[in-house]
A.B. asks: 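Sharing a structure, written as structure tokens. Questions coming.
In what follows, every chain begins at residue 1, and chains take the letters A, B, ... in the order their sequences are listed. The structure displayed is predicted, hence computed values, not measured ones.
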There are 4 protein chains.
Amino acid sequence: MPETGGRTSPKKRADARRNEQTLLDAAAAAFVASGVDAPVRDIATRAGVGMGTIYRHFPTRADLVIAVYRHQVDACAKAGPTLLASSGTPHAALAEWVGLFVDFLVTKHGLASALQSDSARFEALHAYFLDRLVPVCAQLLEAAAAAGEIRSDVGGYELLRAIGNLCAGVEGDTRYDARRMVELLIAGLRRSE
Amino acid sequence: MPETGGRTSPKKRADARRNEQTLLDAAAAAFVASGVDAPVRDIATRAGVGMGTIYRHFPTRADLVIAVYRHQVDACAKAGPTLLASSGTPHAALAEWVGLFVDFLVTKHGLASALQSDSARFEALHAYFLDRLVPVCAQLLEAAAAAGEIRSDVGGYELLRAIGNLCAGVEGDTRYDARRMVELLIAGLRRSE
Amino acid sequence: MPETGGRTSPKKRADARRNEQTLLDAAAAAFVASGVDAPVRDIATRAGVGMGTIYRHFPTRADLVIAVYRHQVDACAKAGPTLLASSGTPHAALAEWVGLFVDFLVTKHGLASALQSDSARFEALHAYFLDRLVPVCAQLLEAAAAAGEIRSDVGGYELLRAIGNLCAGVEGDTRYDARRMVELLIAGLRRSE
Amino acid sequence: MPETGGRTSPKKRADARRNEQTLLDAAAAAFVASGVDAPVRDIATRAGVGMGTIYRHFPTRADLVIAVYRHQVDACAKAGPTLLASSGTPHAALAEWVGLFVDFLVTKHGLASALQSDSARFEALHAYFLDRLVPVCAQLLEAAAAAGEIRSDVGGYELLRAIGNLCAGVEGDTRYDARRMVELLIAGLRRSE
DNA sequence: CATGAATGAGTGTTCATTCAT
DNA sequence: AATGAATGAACACTCATTCAT
């Protein structure tokens with residue numbers, strides 16, 4: 001448990017952390033350039049380290065991907081309750097939160113596609129996203145449903161998956177606006193009386 | 001010039017045609033199992049033929065993929081005008097037609113994912129789908145918009161793309177119902193006044 | 001023995017011969033374009049026949065190559081004694097005959113290279129050229145040697161091989177003139193006193 | 001920067017270098033046996049390494065071929081000026097140098113054939129040989145021509161090409177002596193008055 | 001601990017050759 | 001006899017992953 005103030009971790013710790021951050025930055029860059037399937041060697045080269053180092057820190061590709069996006073996923077997860085408290089209505093909060101999620105996905109080219117992949121190597125990634133975000137999404141949905149604003153038969157997992165899908169493979173397609181499509185989806189949730 | 005019903009084509013033709021069908025069936029199966037990127041060798045094995053046979057019939061992967069789905073795409077394209085004529089309202093026709101398309105995509109696991117692929121090798125596939133279906137979808141959208149039932153700022157390409165995305169990677173995910181999600185999307189199109 | 005005037009060979013014979021000539025022409029063209037290794041299918045296509053037809057007429061590639069060049073090789077072989085009789089000196093006759101051979105090789109792009117090939121598939125080709133031309137070349141060499149014009153320690157096979165080599169792979173190399181190099185070689189044969 | 005005799009290069013280097021030498025030896029052997037087109041797998045097997053190792057060390061086939069012959073080509077190039085200084089006459093120097101080149105080519109069966117190849121994949125090989133040897137050959141030719149010993153209308157490239165050709169495909173042909181034929185060629189260069 | 005050399009399975013693709021029709 | 005569909009060996013090349021140094 002490396003708390004900031006601890007006296008236990010000597011220089012080493014700082015170094016290692018710096019190193020890991022270099023790795024994550026390099027991976028993020030590689031992901032943008034070549035998708036989440038970017039060759040390990042590319043990432044290593046970008047980071048200026050050997051490939052072995054990457055495997056040491058992140059035994060599985062999913063580990064690496066998760067680490068790269070952890071902060072943003074966490075931030076997104078935390079924003080849910082906040083928005084619910086501050087927005088006018090639950091449905092508005094949901095829309096805003098979904099907007100946040102879309103912004104995240106759309107700027108991380110290749111991520112949404114990776115989330116679709118049923119390859120075993122991305123299982124952990126899948127799981128992480130779900131663990132963190134499904135509850136949040138579900139909470140927002142429930143609040144909106146409880147307020148009578150939307151139908152109550154759509155779950156967090158399903159909505160999240162749909163949003164992820166709508167954001168996949170958008171890379172340079174000027175005729176397709178993922179954000180708009182997601183808005184349509186959210187609009188479609190409205191209770192039809 | 002293969003006249004309808006003519007008995008002109010020599011015996012060979014019959015054999016070759018049968019073989020080609022075997023190929024298409026095998027390819028379809030392989031696509032379901034491994035996506036549209038299924039190794040040529042796998043497809044050949046499934047069909048019980050040599051790899052060369054596949055290359056003979058379908059020089060390019062796109063040729064194969066298109067051939068596999070051609071009939072259904074065509075049927076889908078033709079259904080558009082028909083539905084428009086027979087359904088109660090344009091929006092109803094649109095919904096029904098979209099349902100048809102989703103049924104097609106959802107049962108062809110792997111197809112939707114391939115349509116997302118920006119790989120050059122699938123360019124022709126992409127083009128084929130777009131050429132055939134975008135006009136139909138656009139026509140339905142326009143009719144519904146003209147009737148004042150839906151917003152008029154969503155184009156055929158965009159909607160088709162969104163639907164395709166919603167249907168991608170669904171393979172065995174019991175918690176996600178692509179059909180429902182697409183319905184949400186279509187519902188979201190409704191004119192919000 | 002299908003003599004022209006025989007009454008034995010009905011139409012069939014004429015057809016078959018015409019067919020075979022078509023084959024040879026097509027092969028010759030293909031050889032020029034792609035070398036003596038031209039794909040069988042290419043040749044068949046050029047000839048407008050099926051591949052099987054080629055295999056029927058020429059079971060081995062060497063058979064085909066030999067057939068293609070037979071006339072010219074024979075003509076070359078026959079020219080030897082003629083030149084010996086008509087030219088001023090045996091060495092002059094040798095030079096002229098060699099010139100003939102070089103003309104032949106140089107215009108048959110790819111042939112010289114094929115003659116070098118030690119691939120078993122060209123064994124018969126090799127043998128044919130040797131059987132026909134080595135004796136002629138040897139005769140000319142012997143005459144010139146007997147006349148005291150050239151050294152007597154170079155044999156027909158060896159000289160032929162050297163010439164063939166000098167003509168190989170010349171295809172479009174403007175800085176290399178095979179003819180000149182062969183002339184150098186022949187000049188080098190001169191008795192050095 | 002590998003200084004002479006320095007102990008700077010880390011241990012690894014020694015291993016890698018040894019390995020590379022193994023590779024070069026294996027490649028040389030494979031080239032002798034199957035020509036410079038020897039399958040990568042064969043070379044790898046001979047060397048007792050995986051194919052990937054070869055691609056790591058020599059990304060392109062030309063890289064490999066050049067590396068295999070570099071030392072000897074360089075030695076040959078350096079011998080030119082030396083012989084010119086030490087031999088009795090320029091023509092003698094030329095003859096000796098050519099002898100060196102022939103010795104090299106003849107023992108590297110398959111090399112001469114590769115030099116003939118117009119395949120794009122051997123472009124770099126071709127260029128390397130030419131860059132290194134044409135100037136040397138040209139210098140010797142010019143010196144002999146200046147001394148009035150030989151004709152002055154044959155260039156370095158042309159002579160080198162002719163020699164290379166004479167040495168091609170000699171593999172186990174006991175009736176053909178490339179060395180003798182080249183001598184004939186050189187003899188043929190003598191000024192004919 | 002880091003390094004990066006080595007491994008080798010996996011895949012696309014070409015063509016000579018055979019053989020059912 | 002002719003056809004051309006089918007076969008399958010052969011080869012190049014890429015990368016994830018392991019492990020000796």
A.B. asks: Give DNA chain E the dot-bracket treatment, 5' to 3': Watson-Crick (N1-N3 with N6-O4 or O6-N4) or G-U (N1-O2, O6-N3) under 3.5 Å, [ ] crossing, | other strand.
C.D. replies: .||||||||||||||||||||

A.B. asks: Which atoms form the tightest heavy-atom contact between B:Gly169 and B:Ser113, and what is the distance?
C.D. replies: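 Shortest heavy-atom contact: N-OG, 3.5 Å.
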
A.B. asks: State whether B:Thr53 places a side-chain N or O below 4.0 Å from either non-bridging phosphate oxygen (OP1 or OP2) of F:dT7.
C.D. replies: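 It does, given that an N or O in the side chain of B:Thr53 lies less than 4.0 Å from OP1 or OP2 of F:dT7.
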
A.B. asks: How long is the line joining CZ of A:Phe58 and C1' of F:dT17, in whole Å?
C.D. replies: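 The answer, rounded to whole Å, is 17 Å.
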
A.B. asks: To check you understand the geometry: which heavy-atom pair defines the closest contact between D:Leu111 and D:Tyr69, and what is its length?
C.D. replies: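 Minimum heavy-atom contact is CG-CE1, 3.5 Å.
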
A.B. asks: Starting at CG of B:Leu23 and ending at P of F:dA6, how long is that distance when rounded to a whole Å?
C.D. replies: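 So the two atoms are 8 Å apart, to the nearest Å.
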
A.B. asks: What's the CG-C1' distance between D:Asn19 and E:dA6, to the nearest Å?
C.D. replies: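 The answer, rounded to whole Å, is 8 Å.
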
A.B. asks: Could you check A:Ala38 against D:Asp37 and say which one's nearest nucleotide on DNA chain F is further toward the 5' end?
C.D. replies: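 On the 5' side of the pair lies D:Asp37.
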
A.B. asks: Round to the nearest Å and state the distance from B:Arg121 atom CZ to E:dG12 atom C1'.
C.D. replies: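 Computing the B:Arg121:CZ to E:dG12:C1' distance gives 8 Å.
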
A.B. asks: Specify the separation, in whole Å, of atom CG of B:Leu64 and atom C1' of E:dT11.
C.D. replies: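 It works out to 15 Å between those atoms.
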
A.B. asks: Taking all atoms of both residues into account, what is the closest heavy-atom pair of C:Leu64 and C:Ala27, and its distance?
C.D. replies: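 Nearest pair, atom of C:Leu64 first, then C:Ala27: CD1-CB, 3.9 Å.
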
A.B. asks: Within less than 4.0 Å of OP1 or OP2 of F:dA6, is there a side-chain N or O belonging to B:His57?
C.D. replies: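 Result: yes.
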
A.B. asks: How long is the line joining CD1 of D:Ile54 and P of F:dC13, in whole Å?
C.D. replies: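 Spelled out: CD1 on D:Ile54 to P on F:dC13 is 12 Å.
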
A.B. asks: Hey, is the side chain of C:Arg56 poking within less than 4.0 Å of OP1 or OP2 on F:dA2, counting only N and O atoms?
C.D. replies: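 C:Arg56 to F:dA2 OP1/OP2: side-chain N or O found under 4.0 Å.
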
A.B. asks: So, D:Arg46 and D:Asp25, do they make that salt bridge, N to O below 4.0 Å?
C.D. replies: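 Not counted as a salt bridge, because no side-chain N and carboxylate O are separated by less than 4.0 Å.
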
A.B. asks: Listed by chain and number, what are the side chain to side chain donor-acceptor pair (under 3.5 Å) partners of C:Glu123, not counting sequence neighbours?
C.D. replies: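 C:Glu123 satisfies side chain to side chain donor-acceptor pair (under 3.5 Å) with no residue once adjacent residues are dropped.
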
A.B. asks: Tell me which residues in residues 39-52 of chain B lie within less than 4.0 Å of DNA chain E, going by non-hydrogen atoms.
C.D. replies: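 Within residues 39-52 of chain B, the residues near DNA chain E are B:Pro39, B:Val40, B:Arg41, B:Met51.
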
A.B. asks: For the pair D:His57 (side chain) and D:Glu20 (backbone), establish whether a donor and an acceptor sit closer than 3.5 Å, ignoring hydrogens and angles.
C.D. replies: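 Between the backbone of D:Glu20 and the side chain of D:His57 there is no qualifying donor-acceptor contact (under 3.5 Å).
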
A.B. asks: Let me know the distance between OH of D:Tyr55 and P of E:dA9, rounded to the nearest Å.
C.D. replies: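 For the pair D:Tyr55 OH and E:dA9 P, the rounded distance is 16 Å.
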
